[in-house]
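Take a look at the structure below.
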Amino acid sequence: MKSPAIYHIVLLENTTLLVKRETEDWRDLNAEFGDLKASLGPWTFEDACEWMVEEWGSRALSNPWLSAFPSSTATIISV
(Lines give C-alpha, C1' and ligand atoms only; values in the text may rest on other atoms or scores of the structure.)
Protein backbone atom coordinates (compact mmCIF):
# COMPACT_ATOMS: atom_id res chain seq x y z
CA MET A 1 0.00 0.00 0.00
CA LYS A 2 1.35 3.43 -0.95
CA SER A 3 2.16 5.83 1.87
CA PRO A 4 0.04 8.96 2.12
CA ALA A 5 1.55 12.07 0.62
CA ILE A 6 3.39 14.45 2.88
CA TYR A 7 3.45 18.14 1.98
CA HIS A 8 6.22 20.67 2.47
CA ILE A 9 6.31 24.39 1.84
CA VAL A 10 9.70 25.04 0.24
CA LEU A 11 11.01 28.58 0.33
CA LEU A 12 13.56 29.20 -2.41
CA GLU A 13 15.52 32.32 -3.30
CA ASN A 14 12.83 33.68 -5.65
CA THR A 15 9.76 31.49 -5.27
CA THR A 16 7.74 29.33 -2.91
CA LEU A 17 6.78 25.77 -3.78
CA LEU A 18 4.34 23.24 -2.42
CA VAL A 19 6.07 19.88 -2.64
CA LYS A 20 4.38 16.48 -2.31
CA ARG A 21 6.63 13.65 -1.21
CA GLU A 22 6.53 10.42 0.75
CA THR A 23 9.41 11.54 2.95
CA GLU A 24 9.32 13.60 6.10
CA ASP A 25 13.07 14.34 6.02
CA TRP A 26 13.89 17.98 5.19
CA ARG A 27 17.42 16.91 4.20
CA ASP A 28 15.98 15.25 1.09
CA LEU A 29 14.51 18.60 0.07
CA ASN A 30 17.76 20.38 0.84
CA ALA A 31 19.57 18.03 -1.52
CA GLU A 32 16.95 18.48 -4.24
CA PHE A 33 16.68 22.27 -4.21
CA GLY A 34 20.04 24.04 -4.40
CA ASP A 35 18.64 27.47 -3.52
CA LEU A 36 16.51 26.27 -0.60
CA LYS A 37 16.21 28.90 2.12
CA ALA A 38 13.80 27.00 4.37
CA SER A 39 11.27 24.21 4.32
CA LEU A 40 8.16 23.93 6.44
CA GLY A 41 6.47 20.67 7.20
CA PRO A 42 5.90 17.78 7.02
CA TRP A 43 2.23 18.63 6.86
CA THR A 44 -1.07 17.40 5.58
CA PHE A 45 -2.40 19.21 2.53
CA GLU A 46 -4.93 21.01 4.72
CA ASP A 47 -2.23 22.20 7.13
CA ALA A 48 -0.08 23.49 4.27
CA CYS A 49 -3.07 25.42 2.88
CA GLU A 50 -3.80 26.83 6.33
CA TRP A 51 -0.22 28.14 6.57
CA MET A 52 -0.52 29.78 3.14
CA VAL A 53 -3.74 31.52 4.17
CA GLU A 54 -2.15 32.72 7.41
CA GLU A 55 0.84 34.11 5.51
CA TRP A 56 -0.79 35.47 2.35
CA GLY A 57 -4.50 35.67 3.08
CA SER A 58 -7.30 33.88 1.26
CA ARG A 59 -5.84 34.86 -2.14
CA ALA A 60 -3.27 32.11 -1.53
CA LEU A 61 -5.93 29.53 -2.36
CA SER A 62 -6.78 31.13 -5.71
CA ASN A 63 -4.10 29.12 -7.53
CA PRO A 64 -6.19 26.96 -9.92
CA TRP A 65 -3.74 24.07 -9.62
CA LEU A 66 -3.87 23.96 -5.84
CA SER A 67 -7.20 22.18 -5.36
CA ALA A 68 -6.24 19.47 -7.86
CA PHE A 69 -2.75 18.97 -6.46
CA PRO A 70 -3.49 16.19 -3.92
CA SER A 71 -4.92 13.86 -6.58
CA SER A 72 -2.53 14.99 -9.31
CA THR A 73 0.56 13.09 -10.40
CA ALA A 74 2.46 16.38 -10.11
CA THR A 75 4.78 16.57 -7.12
CA ILE A 76 5.66 20.27 -7.16
CA ILE A 77 3.65 23.42 -7.76
CA SER A 78 4.60 27.04 -7.43
CA VAL A 79 2.46 28.88 -4.92
Side-chain angles (χ1 to χ4, degrees):
M1 182 174 183
K2 187 175 179 180
S3 299
I6 298 166
Y7 296 85
H8 302 267
I9 302 286
V10 175
L11 307 172
L12 303 178
E13 183 71 35
N14 294 310
T15 194
T16 301
L17 305 173
L18 181 58
V19 177
K20 177 173 41 174
R21 294 289 187 266
E22 291 183 19
T23 181
E24 294 187 15
D25 195 341
W26 64 268
R27 289 173 286 239
D28 294 339
L29 298 171
N30 193 41
E32 184 174 348
F33 300 100
D35 60 342
L36 183 135
K37 299 297 177 194
S39 66
L40 308 169
W43 285 337
T44 65
F45 179 73
E46 292 77 16
D47 289 340
C49 288
E50 184 176 306
W51 180 88
M52 288 186 277
V53 168
E54 287 176 10
E55 284 295 308
W56 304 317
S58 60
R59 68 177 164 74
L61 302 181
S62 66
N63 180 333
W65 299 103
L66 188 60
S67 62
F69 189 52
S71 60
S72 167
T73 58
T75 58
I76 301 171
I77 60 170
S78 178
V79 294

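Everything quoted here is computed from the prediction, not taken from an experiment. Below, all heavy atoms of this structure are taken into account, side chains as well, without hydrogens, waters or symmetry copies.
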Side-chain contact, heavy-atom cut-off 4.5 Å: R21 with I6? no
How would you list, by chain and number, every residue that makes a ring pair (Phe, Tyr, Trp, His ring centres under 6.0 Å) with F45, sequence neighbours excluded? Y7
In the structure I gave you, are the side-chain heavy atoms of V53 and E55 within less than 4.5 Å of one another anywhere? no
Which distance, rounded to the nearest 0.5 Å, do you find between the CG of L17 and the CZ of F33? 5.5 Å
Residues two or more places apart in sequence or in another chain: which of them pass side-chain hydrogen bond (donor to acceptor under 3.5 Å, both in side chains) with R27? D25
Looking at residues at least two apart in the chain, or sitting in another chain, which of them share a side-chain hydrogen bond (donor to acceptor under 3.5 Å, both in side chains) with S78? T15
Under 4.5 Å between any side-chain heavy atoms of V10 and L36, yes or no? yes
With side chains defined as the heavy atoms from C-beta onward, is the minimum distance between T16 and M52 less than 4.5 Å? no
Give the cluster check for L12 versus L29: same hydrophobic cluster or not, with ILVMFWY residues linked at side-chain heavy-atom distances below 4.5 Å. yes
Within the structure provided, determine whether L66 and I77 are in side-chain contact (heavy-atom separation under 4.5 Å). yes
For E46, check side-chain hydrogen bond (donor to acceptor under 3.5 Å, both in side chains) against everything at least two apart and list the hits. none
Residues two or more places apart in sequence or in another chain: which of them pass ring pair (Phe, Tyr, Trp, His ring centres under 6.0 Å) with W56? W51
Checking N14 now: which residues fulfil side-chain contact (heavy atoms from CB on, under 4.5 Å) with it, not counting sequence neighbours? none
